[in-house]
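Note sheet for the following structure.
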There are 2 protein chains.
Amino acid sequence: MPGILEEADKHCAKTGVRLTPLRRRVLELVARADVPVKAYDLLSQIDHTRTNAKPPTVYRALDFLIDAGLVHRVEALNAFVACPQAGHGHAAVLYVCENCTKVTEVQGTRPGQENKPDGFEVRRSVVEHYGICLSCLKNDTSKT
Amino acid sequence: MPGILEEADKHCAKTGVRLTPLRRRVLELVARADVPVKAYDLLSQIDHTRTNAKPPTVYRALDFLIDAGLVHRVEALNAFVACPQAGHGHAAVLYVCENCTKVTEVQGTRPGQENKPDGFEVRRSVVEHYGICLSCLKNDTSKT
DNA sequence: GTCTGGATGTAATAATGTAACGCTACGATG
DNA sequence: CATCGTAGCGTTACATTATTACATCCAGAC
């Protein structure tokens, strides 16, 4: 769903960072897929007639996009998803369907810090739930 | 702290799985470190005069230990920590200090499923909080 | 112009993880 | 006892993921 790119433009303008064509292109590729994308898949999808992309190209763009709160890294998959709401990168909770691989992002209310050790200062949280989404539960007869 | 190995022996006996010498050795190495350990570090620490360990050796042992609930994988670090309480593998919440790298494990009360999408059936959760532990906060003067 | 810092190109390699196949040892079963 | 099936491990090769280091380019400040 476009709108993501335009939102990203606005968000970057507002925060004073540069969404260059290359970075925008990577964001577009991540956003277009509705499932988590691998870095090397992105690499192979970049137009090699115009840019000469190598691994650092993609990883740098992803680093930027993650810092900007436009993309999340799905840690347990080594993959990346577009953030539907620019700039809310920090508090995201991801629900990943292991059947269709789609990811639903929920803006966490300070996710899961119950029983936090005394005085621990949390800077960044990774919260990923793996399971089966409703749609797959309904459609699959006798799926594992 | 030993006790972990003995607990693991008991746990495996109870659940009818085999903690072989190799698996026990890997668990020992993970438990001995009080920080997350990398798979290839384990590989290099295994006694190569007695076993001829290759990457699959370590990964298979780790898979077993994780299945058995004796070890956790720290997803965002590609590293592994011993579980202080055998068999509670599923519901763990990890607090990882980015300064000293030590991990504190908390047995989660069904960690962070607030705002769960309708009907999503969670099978496995990854909950990792990164920050600074109390001890590092106190000891470090003007640390970033 | 020219300087500068951020962005990108480039080459090489490091680090992490898996597939596929074979062998061995051991318990179950006839 | 024989032999069968399976778990565990060895072994080779390779796939995937990620980084380091250095060169170059380019837009804006001066």
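Chain letters run A, B, ... following the sequence lines, proteins first and then strands; every chain starts at 1. Atoms considered below: every heavy atom in the structure, side chains included; atoms not considered: hydrogens, waters and symmetry mates.
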>> Tell me whether the ring of Tyr59(B) lies stacked over the dT18(C) base, given a 5.5 Å limit on centroids and a 30° limit on the plane angle.
In response: no

> Any stacking of Tyr40(A) on dT17(D), going by centres under 5.5 angstrom and planes within less than 30 degrees?
Replying inline: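 Tyr40(A) ring centre within cut-off of dT17(D) base, planes near parallel; stacks.
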
>> Distance check, rounded to the nearest 0.5 Å: Leu134(B) atom CG versus Phe120(A) atom CZ?
In response: 10.5 Å

Tell me which nucleotide among [options] gets nearest to the side chain of [X].
{"X": "Pro56(A)", "options": "dT10(C), dG6(C), dT16(C)", "answer": "dT10(C)"}
{"X": "Thr20(B)", "options": "dT18(C), dG8(D), dG9(C)", "answer": "dG8(D)"}
{"X": "Leu22(B)", "options": "dT17(D), dA7(C), dG10(D)", "answer": "dG10(D)"}
{"X": "Lys54(B)", "options": "dT12(D), dT16(C), dT10(C)", "answer": "dT12(D)"}
{"X": "Arg60(B)", "options": "dG8(D), dA11(C), dA20(C)", "answer": "dA20(C)"}

>> Base, sugar-phosphate or nothing for Arg73(A)? Non-hydrogen atoms, less than 4.0 Å.
In response: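 Sugar-phosphate contact only.
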
>> Is there a side-chain contact between Val126(A) and Val127(B) in this structure, where contact means two heavy atoms from C-beta onward sitting under 4.5 Å apart?
In response: no

>> Just N and O in the side chain of Asn78(A): are any of them under 4.0 Å from OP1 or OP2 of dA18(D)?
In response: yes

>> Is Arg23(B) close enough to dC9(D) that one of its side-chain N or O atoms is under 4.0 Å from OP1 or OP2 there?
In response: yes

> Within 45° of the axis and under 6.0 Å from the centre of the six-membered ring of Phe64(A), does NZ or CZ of Arg23(A) qualify?
Replying inline: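 Judged by the rule (NZ or CZ under 6.0 Å from the ring centre, within 45° of its axis), Arg23(A) counts as positioned above Phe64(A).
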
> In terms of side-chain geometry, is the basic nitrogen of Lys10(A) or Glu6(A) positioned less than 4.0 Å from the acidic oxygen of its partner?
Replying inline: no

